[in-house]
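Beneath this line is the structure, given in structure tokens, with notes to follow.
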Amino acid sequence: DQTTSSTPQKLKEQHVSPNALLGRMQAELAMSEKMLRACEKENENLAQQNRQLRQGARLQREEVDGRQLQLVAELNAAKAEAAANPASMRRLAEVERELVAT
């Protein structure tokens, strides 16, 4: 019965020597290890890019936040000046537009 024949018997029937099979398996293992190392390297590169992008976004957010704080301070100063001098209302409108644009 061929369904119960052993692996060595199947190898003989297929004319594949154990050494040839071992060689193929070692080659496949080596290729799998090489692919794994390549994937690990790519993963590390992507992780590094992700860290850089997050840092850039954080710095940009801090810059925008700082600019908004500066504009709010300018707006408060312009409001105080406009209250004392109605001719400075134009500057108040400019600062308000700038703050809304950020």
Side-chain angles (χ1 to χ4, degrees):
D1 187 17
Q2 283 197 337
T3 59
T4 60
S5 62
S6 66
T7 301
Q9 180 63 33
K10 288 181 183 177
L11 291 175
K12 285 182 184 176
E13 291 169 3
Q14 295 175 6
H15 305 292
V16 177
S17 73
N19 287 341
L21 183 59
L22 179 62
R24 274 195 268 166
M25 291 175 75
Q26 287 174 332
E28 286 180 23
L29 178 60
M31 180 59 72
S32 295
E33 289 173 340
K34 184 177 180 180
M35 290 172 62
L36 176 61
R37 286 189 300 275
C39 288
E40 288 171 341
K41 184 175 181 181
E42 180 65 14
N43 188 46
E44 182 52 40
N45 288 340
L46 291 171
Q48 179 63 27
Q49 288 177 7
N50 191 23
R51 285 189 291 273
Q52 290 172 348
L53 289 170
R54 286 179 187 270
Q55 182 181 16
R58 181 181 52 81
L59 292 173
Q60 186 175 13
R61 196 170 41 248
E62 289 173 1
E63 183 180 318
V64 168
D65 289 348
R67 178 67 180 139
Q68 285 180 331
L69 284 174
Q70 178 185 358
L71 287 172
V72 167
E74 288 179 23
L75 178 62
N76 289 338
K79 283 180 179 179
E81 187 177 336
N85 180 5
S88 62
M89 287 296 288
R90 190 180 74 208
R91 176 66 186 139
L92 177 62
E94 289 173 4
V95 173
E96 285 176 336
R97 277 194 303 274
E98 232 181 300
L99 185 58
V100 169
T102 61

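Keep in mind it's a predicted model, so treat the numbers as computed, not measured.
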Only pairs under 3.5 Å count here: list side-chain donor-acceptor contacts from residues 59-67, not counting sequence neighbours, and write none if there are none.
{"unit_1": "Glu62", "atom_1": "OE2", "unit_2": "Arg58", "atom_2": "NH1", "d": "3.1"}
{"unit_1": "Arg67", "atom_1": "NH1", "unit_2": "Gln70", "atom_2": "OE1", "d": "3.2"}
{"unit_1": "Arg67", "atom_1": "NH2", "unit_2": "Glu98", "atom_2": "OE2", "d": "2.2"}

Donor-acceptor list for residues 36-53 side chains, cut-off 3.5 Å, not counting sequence neighbours:
{"unit_1": "Glu44", "atom_1": "OE2", "unit_2": "Arg51", "atom_2": "NH2", "d": "3.0"}
{"unit_1": "Gln48", "atom_1": "OE1", "unit_2": "Arg51", "atom_2": "NE", "d": "3.4"}
{"unit_1": "Gln48", "atom_1": "OE1", "unit_2": "Arg51", "atom_2": "NH2", "d": "2.8"}
{"unit_1": "Asn50", "atom_1": "OD1", "unit_2": "Arg54", "atom_2": "NE", "d": "3.4"}

_Passing candidate, side chain to side chain contact (heavy atoms under 4.5 Å, CB included) with Leu29, options Glu33, Met25, Gln26_ =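 Of all the options given, the one that passes is Glu33.
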_If you compare all heavy atoms of Leu99 against all heavy atoms of Leu75, which two are closest, and at what distance to 0.1 Å?_
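Nearest heavy atoms, Leu99 then Leu75: CD2-CD2, 3.8 Å.
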*Nearest 0.5 Å please: distance from the CD atom of Glu96 over to the NZ atom of Lys79.*
6.0 Å
